[in-house]
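What you see is a predicted model; the values in this text were computed from it and never measured. Along the sequence shown, residues are numbered consecutively beginning with 1.
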Amino acid sequence: MRTIWLTEFGDPSVLVAGEAPDPKPGQGQVLIDVEAVNVVFIETQIRAGRPPLPMQSPTPPYVPGTGIGGVITAVGPRTDPGLLGRRVIGHTNGTGGYAEKAVVAAHRTIPIPAELSTADAVALLTDGSAALAMSGLGAPKPDEWVLVEAAAGGLGGLLVQLALNAGAKVIGAVGSEAKLQAVRDAGAQAVTYARPDWTERVRTLTGGAGVDVVFDCVGGETGTAAASMVDAGGRFVLTGAAGGVFTDTRALAARGVTVIGLQQLMGALGNQHALAATALKEAAAGRLRPVIGQTFPLERAADAHAAMESRSTIGKTLLIV
């Protein structure tokens with residue numbers, strides 16, 4: 001079968017198209033003919049040899065990728081044969097997703113509703129579950145001001161939708177002028193942190209006040225600036241470090257701001273399977289819309305990584321097999 005190998009840690013060129021034997025499902029496992037593969041920013045960090053702490057990287061060479069969608073074509077011993085032919089999404093064991101075929105534990109698969117394409121379902125596998133968990137922790141309320149970083153990305157775009165669905169007033173912060181319209185199209189206000197006065201622009205939109213909730217997907221200088229805008233009684237949800245380092249939140253508690261950190265987030269993601277299934281149901285009902293900004297053939301996984309690292313992507317990035 002066709003695969004993408006990570007030959008060593010480095011720039012996107014270390015992702016090389018190759019071949020591998022077809023995997024065989026073991027007991028309790030299914031074999032999926034892969035149609036679409038989820039690409040997440042953290043995979044670019046791992047590929048570069050800079051995984052966010054405390055994560056550890058596998059040892060090259062290996063086939064990266066964990067989130068996939070497709071059709072079950074074989075089942076292992078003592079595994080329900082009724083699963084054959086089912087269109088599903090699922091997580092591998094952490095590697096093996098950038099391939100034509102992948103093995104997944106049967107209990108980790110989620111049926112795709114008829115209303116959704118496989119690509120849409122894959123776009124919600126990781127980001128949908130994460131967005132629901134983060135939104136539940138941040139708990140935006142009607143008429144509260146919510147600031148979402150990286151709001152034009154796959155995860156940020158879903159957080160914008162969930163906050164708007166809750167009745168909040170949402171400001172999406174993005175990394176370039178080109179991404180502003182994507183946030184506005186979703187129904188939110190938009191600013192770009194590429195401009196040095198972006199925090200003043202946020203305060204202009206709020207009428208001079210701060211914000212009640214921040215979803216910090218970027219960290220670094222952007223996260224620090226966003227933290228300065230949370231009013232007393234607000235919530236700062238630490239969700240990611242696309243900027244390379246997590247935001248230092250130690251000063252927030254003294255200001256009366258509730259910090260929701262990675263430990264709480266990991267706890268909320270403990271039932272990721274149920275969250276992803278809920279995300280699919282919400283999308284099938286029309287209440288959640290994945291935005292797939294760009295797709296690449298499997299063989300161009302390196303191009304997908306390069307596009308994500310250039311910060312030029314909008315919405316979700318997928319590999320199509």
### Message
Is there a continuous path of hydrophobic side-chain contacts, each under 4.5 Å between heavy atoms, that joins Leu298 to Val16?
### Response
no

### Query
Which heavy atom of Ala268 sits nearest a heavy atom of Leu137, and at what distance?
CB-CD1, 3.9 Å

#### Entry: Under-4.0 Å salt bridge between Arg47 and Glu8
no

### Residue pair Ala284 / Leu116: nearest heavy atoms and the distance that separates them
N-CD2, 4.0 Å

### Task
Go through the steps to decide whether Gln161 and Asn165 satisfy the test side-chain hydrogen bond (donor to acceptor under 3.5 Å, both in side chains), and finish with yes or no.
CA-CA 6 Å; Gln161 292 179 51; Asn165 290 349; 5.7 Å; no

## Note on the structure
When rounded to the nearest 0.5 Å, the distance separating CG of Leu147 from CD1 of Ile171 is 6.5 Å

### Message
Would you say CD of Glu221 has more than 12 non-hydrogen atoms from neighbouring residues, nucleotides or ligands within 6.0 angstrom?
### Response
no

### More than 12 heavy atoms of other groups within 6.0 Å of Arg203 CZ
yes

### Task
Please test Lys179 against Thr192 for side chain to side chain contact (heavy atoms under 4.5 Å, CB included), starting from the C-alpha separation and ending with a verdict.
CA-CA 8 Å; Lys179 297 181 180 181; Thr192 172; over 6 Å; no

### Query
Does a side-chain heavy-atom distance below 4.5 Å link Leu238 with Ile260?
no

### Message
Looking at Lys316 and Asp127, is any side-chain nitrogen of the basic one under 4.0 Å from a carboxylate oxygen of the acidic one?
### Response
yes

### Message
Can you tell me if Lys141 has over 12 outside heavy atoms packed within less than 6.0 Å of its NZ?
### Response
yes

### Query
How long is the gap from CD on Gln181 to CG on Asp185, to the nearest 0.5 Å?
4.5 Å

### Query
Is Leu164 reachable from Ile314 through a run of I, L, V, M, F, W or Y residues, each pair having side-chain heavy atoms under 4.5 Å apart?
no

### Task
Output yes when a side-chain donor or acceptor of Thr295 lies under 3.5 Å from a complementary backbone atom of Leu319, and no otherwise.
no

### Query
Would you say the side-chain atoms of Gln29 pair up with the backbone N or O of Val104, donor to acceptor, closer than 3.5 Å?
no

### Message
Treating Thr206 as the side-chain partner and Ala209 as the backbone partner, does any N or O pair qualify as donor plus acceptor under 3.5 Å?
### Response
yes

### Task
Spell out, yes or no, whether Val174 and Val160 are grouped together once hydrophobic residues are joined by side-chain heavy atoms under 4.5 Å, including indirect joins.
no

### Query
Just how far is it from atom CG of Leu124 to atom CD1 of Ile292, taken to the nearest 0.5 Å?
8.0 Å

### Task
Test Ser176 against Arg311 for side-chain hydrogen bond (donor to acceptor under 3.5 Å, both in side chains), laying out the working first.
CA-CA 8 Å; Ser176 69; Arg311 313 291 178 153; over 6 Å; no

### Query
Do the side chains of Thr79 and Val30 get nearer than 4.5 Å, heavy atoms only?
yes

### Task
Spell out, yes or no, whether Leu155 and Val291 are grouped together once hydrophobic residues are joined by side-chain heavy atoms under 4.5 Å, including indirect joins.
no

### Query
Which heavy atom in Leu158 sits nearest to a heavy atom in Ala131, and how many Å separate them?
CB-CB, 3.7 Å

### Query
Linking I/L/V/M/F/W/Y whenever any side-chain heavy atoms sit under 4.5 Å apart, do Val321 and Val39 land together?
yes

### Message
Checking the side chain of Thr222 only, and the main-chain atoms of Val218 only, is there a donor and an acceptor separated by less than 3.5 Å?
### Response
no

### Message
Looking at Arg250, is its backbone amide N or carbonyl O close enough to the side chain of Asp248 to form a donor-acceptor pair, meaning the two atoms are under 3.5 Å apart?
### Response
yes

### Message
Within the 4.5 Å heavy-atom criterion, are Leu6 and Pro61 side-chain neighbours or not?
### Response
no

### Message
Please find the pair of heavy atoms, one from Pro58 and one from Pro60, that lie closest to each other, and give the distance.
### Response
O-CD, 3.6 Å

### Task
Would you indicate whether the side-chain heavy atoms of Met1 and Pro21 approach each other to under 4.5 Å?
no

### Message
Minimum heavy-atom separation for Ala20 and Thr3, please, with both atom names.
### Response
CB-CG2, 3.7 Å

### Query
Given Leu125 and His91, is the side chain to side chain contact (heavy atoms under 4.5 Å, CB included) satisfied, shown in steps?
CA-CA 8 Å; Leu125 175 58; His91 286 285; 3.6 Å; yes

### Task
Begin from the C-alpha positions of Leu318 and Val122 and carry the test side chain to side chain contact (heavy atoms under 4.5 Å, CB included) through to its verdict.
CA-CA 8 Å; Leu318 300 179; Val122 172; 3.9 Å; yes

### Query
Can you find a heavy atom in the side chain of Ile89 that is under 4.5 Å from one in the side chain of Ile68?
no

### Message
Set out, in order, the CA-CA distance, both residues' side-chain angles and the distance that settles side-chain hydrogen bond (donor to acceptor under 3.5 Å, both in side chains) for Thr126 and Asn38, then state yes or no.
### Response
CA-CA 8 Å; Thr126 299; Asn38 180 33; 2.9 Å; yes

### Interatomic spacing from CG in Leu275 to CD in Glu282 - rounded to 0.5 Å
11.5 Å

## Note on the structure
Interatomic distance, OG1@Thr247 vs CG@Leu252, rounded to 0.5 Å, equals 9.0 Å

### Task
Compare every heavy atom of Val37 with every heavy atom of Gly97, then report the nearest pair and how far apart it is.
O-CG2, 3.4 Å

### Query
Within the distance-only criterion (no hydrogens, no angle test), does the side chain of Asp216 pair as donor or acceptor with the backbone N or O of Gly219 below 3.5 angstrom?
yes

### Query
Side-chain contact, heavy-atom cut-off 4.5 Å: Met134 with Leu159?
yes

### Query
Are Phe236 and Thr258 side-chain neighbours, meaning at least one heavy-atom pair lies under 4.5 Å?
no

### Query
Has the side chain of Asp33 got a donor or acceptor atom that lies under 3.5 Å from a matching backbone atom of Val71?
no

#### Entry: Heavy-atom neighbours of Glu19 CD exceed 12 at 6.0 Å
yes

### Query
From Gln45 CD over to Glu309 CD, what is the distance, rounded to the nearest 0.5 angstrom?
8.5 Å

### Query
Quick one: does Arg86's side chain get under 4.5 Å of Pro111's, heavy atoms only?
yes

### Query
Checking Gln264 side chain against Gly261 main chain: does a donor-acceptor pair fall under 3.5 Å?
yes

### Message
Quick one: does any side-chain atom of Thr109 pair with a main-chain N or O of Ala106 as donor and acceptor, under 3.5 Å?
### Response
yes

### Task
Check for a donor-acceptor pair, side chain of Arg235 on one end and backbone N or O of Ala139 on the other, with a separation under 3.5 Å.
yes

### Task
Report the C-alpha separation of Leu15 and His305 in whole Å, then their side-chain angles, then the decisive distance to 0.1 Å, and conclude whether the side chain to side chain contact (heavy atoms under 4.5 Å, CB included) test is met.
CA-CA 9 Å; Leu15 295 174; His305 275 228; 3.6 Å; yes

